Every structure is written in C-alpha cells, then in structure tokens.
Trainee: 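Quick one: structure below, then a few questions.
No experiment lies behind these values; they were computed from the predicted model shown.
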Amino acid sequence: MNTRQLHYLLTIAERGSLSQAAMALGISQPALSKVLAEWDSLCASPLFLRYHRRQIPTALGRKVLEYAEKIVDEQNRMMLTMRSVTGREKQNIRVCTAPNRGAIIYSKIYNRFSRRYPDISLRLTELYAREQPHAIRRGQVDLALGAGTDSELVTDIPIVREELLVSLPSSHPLAGQKSIRLRDLRDTPFVLQGKRHSIRAIADGLFAEAGFAPVVSFESDDVILLDSMMHQAVGAGLVSKAHVFPCDELVYLSLDPPVYQRLHLRYPLGHTLTEPERYLAGLLIRERLSDPRYEPIRSPEADALFAMVEAADEAYIAGSNQTRASGASHQDSGFISLDTKILEYLTAIVEEQSLSRAADRFYLAQPALSRHLRNMEETVGLRLFHREHNRLYPTNAGKVFVNNARNILRMEAELDRVIKDYRRDHGGRLFVHCDSTLLSLFAEVVTPAFSSLYPDIQLTVVESCSGTSREALLSSSTDFALFMTCTPKQTELHCEILGLTELVYCADPARPLSGLRGGDPLPSPLEPRSVMLATAGTTLRAEQDRLYEEIFESPPHVVCQAEFALLRRLAVLGGADTILPLHLLPVSEHGHCFSLQPPQPYYLVLAYYPGKTMSPVERQLYTLIQHTFKGFFWQPDIALS
C-alpha cells in the first residue's frame with residue numbers, strides 16, 4: 001500500500017465525482033478508476049456507489065476512508081514535525097487556548113488546517129483567559145480562544161456564550177428547585193476554581209453582589225479534581241453548562257437571573273489577519289458553533305470569518321479553480337507518496353542499528369536497502385540517518401520519521417484487519433434484511449429452496465424494519481431487503497411492490513365499538529382504550545405509534561407488547577384493541593375491524609440498490625423471493641406462526 005492511493009480515495013470522497021477528483025489530482029479518469037477498481041477487488045466489495053451523479057461511500061468505504069484520513073494526516077504531521085525539528089519550517093502560527101479546552105479544540109481543527117496549509121505548523125500554548133491579552137500584546141501568541149470579559153489590550157471578538165450553573169449535591173435541601181438565587185446558598189460551602197480561572201472571576205463578582213463571602217472548602221485550577229470533589233459532595237460549585245454531564249450525585253440549577261460566560265477570539269490590536277490566520281480563526285469559530293451547548297453571538301467579524309471557511313470548503317468540494325495562496329493548493333503535485341513496505345524497511349534499520357541486519361530481516365541485498373534509504377531521503381528532502389562507528393543512527397528528523405512511520409504501519413495493520421474481517425464475513429454469503437412479519441415464511445420456503453440450489457453459499461437473513469433496511473441497502477451492507485411500509489416510494493432504491501393490504505383498527509371482541517359494524521370508518525378522536533403494541537423497533541410498531549396519536553385524544557393504556565404472531569393471536573382472542581394488516585387476519589375476524597381515515601395502505605416491498613449488477617446467484621435469489629411473496633396478502637394459507 002502507498003499513501004498516494006489513500007489520498008486518491010479521500011479526494012474521490014470529498015469531490016463526489018471521479019472526473020472532478022481526477023482533475024483535482026492531475027491524472028486521467030481511467031487511471032483513477034483503475035486505482036478504485038483495485039481497492040474494490042482488494043476489499044471484495046465496492047467502496048463507493050453512484051447515486052444522483054455522486055460517488056457515495058458504502059459502509060465498508062466509510063471505514064476505509066476513516067483509516068485513510070488518519071494515515072494521510074499522520075504523514076502530514078510527520079512532514080511538519082520533521083521540518084520543525086530541523087529548523088526548515090516556512091511559517092508557524094502560535095495558537096493559545098485555555099487549559100483543558102486546548103487539547104479538545106486543537107485536535108478537531110489541526111488536521112483540516114494542515115491539509116489546506118501543509119507548510120504552516122501550528123504551535124499550541126495553554127493560558128488562562130486573564131493571561132491571554134498580555135501574552136498577545138507581548139508578541140508571544142498570534143491567535144487565542146478564551147473566556148472572560150472583553151479586553152482593551154487586543155482585538156476581541158465574542159463568538160459564543162455558555163450559561164453558568166450551580167452544582168449542588170443531590171442531598172442538598174434546595175436540590176429540587178428549578179433555579180436558585182446565590183444568596184440562598186450563604187450557608188453552603190463552595191468548591192471553586194483558582195483565582196486565574198475565568199469562572200472564578202465571575203463567581204467572585206456574583207458573591208460580592210449577593211453580599212456575602214463564601215466558605216471555600218476546596219479550591220483548585222484542575223477542573224478534573226474540582227469535578228471529583230463536587231461529586232464527593234464537598235460543596236456547591238459554579239460550572240459551565242457546556243461541561244455538565246447528568247449524574248445521580250449532583251443536580252445542576254440555573255441561577256436566578258441566569259448568568260453567562262462569553263468565549264472570545266483574540267489577536268493583536270491593529271493586526272490584519274493573514275489568509276491562513278483567517279482560515280484558522282474561522283475553523284475555531286465553526287468548531288464552537290457546531291456544539292449545541294453554546295449559544296452563538298452574532299457579529300460582522302465572526303460572520304465574515306465563518307463564511308470564509310464555508311466558502312473555502314465549498315469551493316474545494318466543487319472543484320473550484322480559483323487561485324489560492326501559496327500552500328493552500330490541494331493538487332496532487334505536492335503530495336508525497338510513502339510506500340508502507342519501505343517504511344517497514346527503514347524502521348528496521350533503527351531497531352537493528354545496522355543496515356546489513358535490517359536487510360537480512362527482509363531477505364534484501366544491502367545495496368537494495370541502501371537505495372531505498374537514499375530514495376526516501378530525497379523524497380522527504382531531509383537526512384534521516386548518520387553513521388557512527390560503522391552503525392547507523394537516526395537524525396532528529398529520522399527519529400520523527402520512524403516514530404510516525406510506526407504509527408502509519410499500525411494504522412495500516414488495523415485497516416488490513418478490518419478488510420479481512422469484512423471479506424471473511426461476506427465471502428460466499430448473501431444478505432437479506434427481512435421484516436419480522438415475514439421471517440417465518442422466508443425461513444420455511446426461501447432459505448431451504450436457495451440452499452438446495454447453492455449449498456456452498458450461506459444465506460444470512462437479518463430481522464429489520466423498513467428504515468434499517470433502507471440504510472443497509474444504501475450503505476451496501478445487504479444485498480436485498482424485504483419490508484413492509486406505508487410509503488412505497490423510495491427514490492434512492494429500486495422497489496418492487498409484491499403485495500398490498502391496509503392497516504385497520506381491530507377492536508377487542510369483548511369491548512366492541514357501539515354503533516359500528518366491521519369495515520366502517522373509525523370515528524376520531526376516540527376516548528382512551530386499552531391497546532396492544534407490536535415489538536419496539538419494527539415497522540408495524542412505528543406505524544401503530546403514529547396512528548394512535550391521531551386516533552386518541554390522550555395516550556391509550558398499553559397492556560402488552562408482543563411479536564407479530566402472538567399479537568395476531570391476541571387480536572383474535574381479545575383482551576385489548578390493536579392495529580394490524582387486514583389481510584393477515586382470518587376473514588372471520590374482519591367483523592370487528594374498522595378502516596382508518598384516511599385509509600392506510602400497507603405495502604410489501606422487495607428492494608435493492610439501483611446501481612447493483614446482479615450475479616446469476618443473486619438473480620436466482622431475487623426470483624425465489626418474488627415467487628414466494630408475490631400476492632402474499634391474498635394467499636389463503638399463510639404460515640405466520
């Protein structure tokens with residue numbers, strides 16, 4: 001495997017089109033199609049399916065792309081770090097975030113930024129919000145994200161706000177309230193953040209307004225330790241709503257009136273952000289806005305930075321040919337391709353501390369391994385090893401290279417296991433997702449008939465509702481789906497209707513609906529009655545839940561939930577009302593069934609993905625299912641129990 005192929009797969013996913021991906025990579029479309037075909041063959045399954053002129057990743061494709069992105073990002077990180085340790089980095093941006101927030105935010109934006117600007121490194125510093133403006137003013141930080149109040153020392157753009165909540169032990173007498181006034185906690189000890197923390201600054205101001213100095217039972221800058229002490233009921237606390245996780249030991253109450261903390265984007269006063277800095281600022285804003293726990297603060301500056309990122313990403317996906325700044329190009333000409341087999345050879349040199357022993361490990365001639373080493377050093381543009389006393393030792397760049405190479409090899413091994421597991425599970429097997437109502441007939445008729453024709457092919461039938469079946473087909477996780485639905489039109493799928501009935505309201509024979517005869521329209525709304533439900537997660541249950549809401553003024557009393565065969569028997573014996581397909585009930589029971597308004601047609605559908613090319617075996621299975629279930633609702637002796 002080489003990383004260029006993974007880069008190709010990622011580009012196909014991002015562009016959504018082989019032609020646009022080939023154009024962006026600077027190669028011909030047949031060449032790119034050949035690479036994709038090789039991966040499809042390796043995985044024994046397509047990685048992409050064509051839908052509405054776009055290449056959509058399958059379930060396996062998404063897994064492969066996940067590892068491809070990790071490996072390519074690891075390679076980018078390796079190149080940046082090697083340039084940094086050798087003093088060859090062209091540019092860096094010093095980013096500052098608050099402690100504890102930094103690692104989370106940085107990890108989310110680092111890879112996207114480095115893919116767009118591979119020659120610019122990001123250096124992370126963690127400082128409390130109070131310390132950030134001074135660090136920016138002294139030229140130690142280029143861009144900061146922190147909470148607290150506005151500062152006149154820097155350009156300060158508020159982007160979101162987060163509510164501060166009072167944390168109370170669940171045993172506290174005021175824990176049952178919806179909100180709380182701080183002065184009501186005058187006699188309660190507090191667990192508080194250290195003096196440098198932005199929440200502590202807000203808390204001190206609130207205590208002053210409330211007219212009391214709290215008893216501080218514990219104080220620390222370590223938020224994990226603070227959280228632990230709160231869980232041990234050491235005292236009340238003041239915490240950000242964005243970092244609240246419900247538990248039995250604590251309750252979280254809003255203050256009366258509510259109190260908020262604002263999160264700011266900061267950079268030097270009078271400085272005009274460069275394009276990479278603007279893109280980075282936009283990524284930071286978008287990351288915070290994507291979290292529903294934060295409330296956005298609209299401002300022209302923040303909107304412009306956010307729009308810049310959105311426009312840049314849209315232009316990339318659309319294959320825009322607009323001129324980009326140096327380092328922003330995604331063309332393949334600047335991508336370094338690493339062969340994982342060569343990475344394995346070079347890591348062996350470090351482990352063996354000898355070129356000859358490393359060559360012996362892989363049954364290579366020493367000159368061949370020397371040639372691989374020279375080629376790699378030319379590829380990355382850095383010296384990776386130096387010789388001392390007839391031994392090879394890695395340079396600083398070489399140490400970084402070998403460390404990241406091991407990470408890439410580990411990821412490749414994990415990807416290889418994923419592919420092998422998929423091939424083992426899907427080799428010689430066909431998959432059908434089937435509605436629970438139809439499982440028994442499928443097992444009695446289709447499975448034995450197929451097994452007699454193809455004894456070496458395993459037919460795996462998965463119980464599934466219509467929604468899950470649709471997802472499985474779109475992700476290429478199943479070959480066919482047989483399901484019931486009230487909405488037979490599935491634009492993304494090829495659907496054949498094998499049968500049609502309607503859902504009807506089956507009244508309890510012991511509690512008939514007065515004034516109505518079988519087949520009459522059901523009046524609505526009804527007074528609450530006792531009802532029976534199908535098993536949760538089935539298509540029938542989803543339709544029952546929807547229809548009961550329309551039929552009854554208030555929720556009915558549910559007496560039981562049962563699988564379809566049992567529910568069908570109970571509808572005959574009586575005990576409660578239910579909703580069932582009319583033609584799956586004995587004709588003798590139709591006298592206490594009533595039509596719903598509007599009528600609810602219930603279809604039996606056989607579906608597959610329209611881009612699928614059926615093999616002879618798959619065509620035979622499709623025909624068997626057709627013959628078994630065609631006219632299913634009009635068969636006089638349906639075996640459902």
Side-chain angles (χ1 to χ4, degrees), residues 80 84 87 89-110 113-114 117 119-162 164 192-205 208 220-223 240 242 260-289 294 296-306 308-309 325 327:
L80 282 171
S84 176
E89 60 184 355
K90 296 180 181 179
Q91 187 181 348
N92 66 73
I93 299 176
R94 297 162 298 176
V95 187
C96 179
T97 63
N100 307 303
R101 290 183 195 260
I104 299 172
I105 299 171
Y106 188 72
S107 64
K108 291 180 179 179
I109 59 98
Y110 176 86
F113 180 86
S114 63
Y117 297 99
D119 292 329
I120 300 177
S121 63
L122 298 181
R123 294 188 176 181
L124 178 65
T125 301
E126 291 187 331
L127 293 173
Y128 287 97
R130 287 182 173 183
E131 302 165 344
Q132 289 180 2
H134 296 284
I136 293 173
R137 193 176 185 185
R138 289 194 295 267
Q140 298 170 342
V141 171
D142 299 311
L143 200 61
L145 187 70
T149 57
D150 295 348
S151 172
E152 297 179 354
L153 301 177
V154 296
T155 300
D156 207 321
I157 304 174
I159 54 174
V160 293
R161 69 176 189 173
E162 52 188 348
L164 298 184
L192 293 178
Q193 294 82 357
K195 294 288 186 181
R196 296 186 297 167
H197 204 285
S198 58
I199 292 181
R200 178 58 180 273
I202 295 174
D204 289 345
S220 175
D221 287 329
D222 189 327
V223 294
S240 164
Y260 295 89
Q261 173 176 245
R262 300 203 301 180
L263 198 63
H264 304 258
L265 189 70
R266 300 178 170 121
Y267 56 89
L269 202 61
H271 173 65
T272 300
L273 294 177
T274 64
E275 182 186 337
E277 288 172 340
R278 290 175 62 221
Y279 185 74
L280 177 59
L283 286 178
L284 290 168
I285 292 172
R286 185 167 69 177
E287 192 281 326
R288 290 292 86 175
L289 291 179
Y294 294 94
I297 299 174
R298 300 301 299 270
S299 71
E301 298 87 351
D303 289 347
L305 292 170
F306 179 80
M308 183 260 189
V309 171

Trainee: Over all heavy atoms of both residues, which pair between F113 and I93 is shortest? Give the atoms and the distance, please.
Mentor: CZ-CD1, 3.9 Å
Trainee: Nearest heavy-atom pair of R288 and I159: which atoms, and what distance?
Mentor: CG-CD1, 4.3 Å
Trainee: Measuring from E301:CD to I285:CD1, what's the distance to the nearest 0.5 Å?
Mentor: 9.5 Å
Trainee: How far apart are the closest heavy atoms of A147 and R266, and which atoms are they?
Mentor: O-NH2, 3.2 Å
Trainee: Start with the C-alpha gap between Q261 and I199, add the side-chain angles, then the distance that decides, and say whether side-chain contact (heavy atoms from CB on, under 4.5 Å) holds.
Mentor: CA-CA 8 Å; Q261 173 176 245; I199 292 181; 3.6 Å; yes
Trainee: Answer yes or no: does atom CZ of R138 have more than 12 heavy-atom neighbours from other residues, nucleotides or ligands under 6.0 Å?
Mentor: yes
Trainee: Taking K195 first and then D204, would you say they form a salt bridge - that is, a charged N and a carboxylate O separated by under 4.0 Å?
Mentor: yes
Trainee: Grab the two heavy atoms, one from S299 and one from I157, that are nearest each other, plus how far apart they are.
Mentor: OG-CG2, 3.8 Å
Trainee: Walk me through it: do L265 and L145 pass the test side-chain contact (heavy atoms from CB on, under 4.5 Å)?
Mentor: CA-CA 5 Å; L265 189 70; L145 187 70; 4.2 Å; yes
Trainee: Please report the C-alpha distance between L122 and I109 in whole Å, then the side-chain angles of each, then the deciding distance to 0.1 Å, and finally whether the side-chain contact (heavy atoms from CB on, under 4.5 Å) criterion is met.
Mentor: CA-CA 10 Å; L122 298 181; I109 59 98; 4.1 Å; yes
Trainee: Please determine if R196 forms a cation-pi arrangement with Y128, meaning its NZ or CZ atom is less than 6.0 Å from the six-membered ring centre and no more than 45° off the ring axis.
Mentor: no
Trainee: Quick check: does any side chain N or O of R94 sit under 3.5 Å from a backbone N or O of I136, one acting as donor and the other as acceptor?
Mentor: no
Trainee: Any heavy-atom pair between the side chains of H271 and D142 that's under 4.5 Å?
Mentor: no
Trainee: Are side-chain heavy atoms of L284 and L143 found at a separation under 4.5 Å?
Mentor: yes
Trainee: Return yes if a side-chain donor-acceptor contact under 3.5 Å exists between Q140 and T125, otherwise no.
Mentor: no
Trainee: If you round to the nearest 0.5 Å, how far is OH of Y260 from CD1 of I297?
Mentor: 11.0 Å
Trainee: Could you give the distance from OG1 (T149) to NE2 (H264), rounded to the nearest 0.5 Å?
Mentor: 6.5 Å
Trainee: First locate atom CZ of R286, then atom CZ of F306, and finally report the distance between them rounded to the nearest 0.5 Å.
Mentor: 6.5 Å
Trainee: For V309 and Y279: C-alpha separation, side-chain torsions, deciding distance, then whether side-chain contact (heavy atoms from CB on, under 4.5 Å) applies.
Mentor: CA-CA 6 Å; V309 171; Y279 185 74; 4.0 Å; yes
Trainee: Nearest 0.5 Å, please: how far is CZ in R130 from NE2 in H197?
Mentor: 10.5 Å
Trainee: Would you compute the distance between atom CG of L127 and atom SG of C96 and round it to the nearest 0.5 angstrom?
Mentor: 4.0 Å
Trainee: How far apart are the closest heavy atoms of V160 and P296, and which atoms are they?
Mentor: CG1-CA, 4.0 Å
Trainee: Return the minimal non-hydrogen interatomic distance between Q132 and A98, and the atom names on each side.
Mentor: NE2-N, 3.7 Å
Trainee: Look at the side chain of D221 and the backbone N and O of G194, then say whether any donor-acceptor pair between them is shorter than 3.5 Å.
Mentor: yes
Trainee: Could you check whether any side-chain N or O of R200 sits under 3.5 Å from a backbone N or O of Q193, counting only pairs where one atom can act as donor and the other as acceptor?
Mentor: yes
Trainee: Please say whether more than 12 non-hydrogen atoms of neighbouring residues, nucleotides or ligands are located less than 6.0 Å from NE2 in H134.
Mentor: no
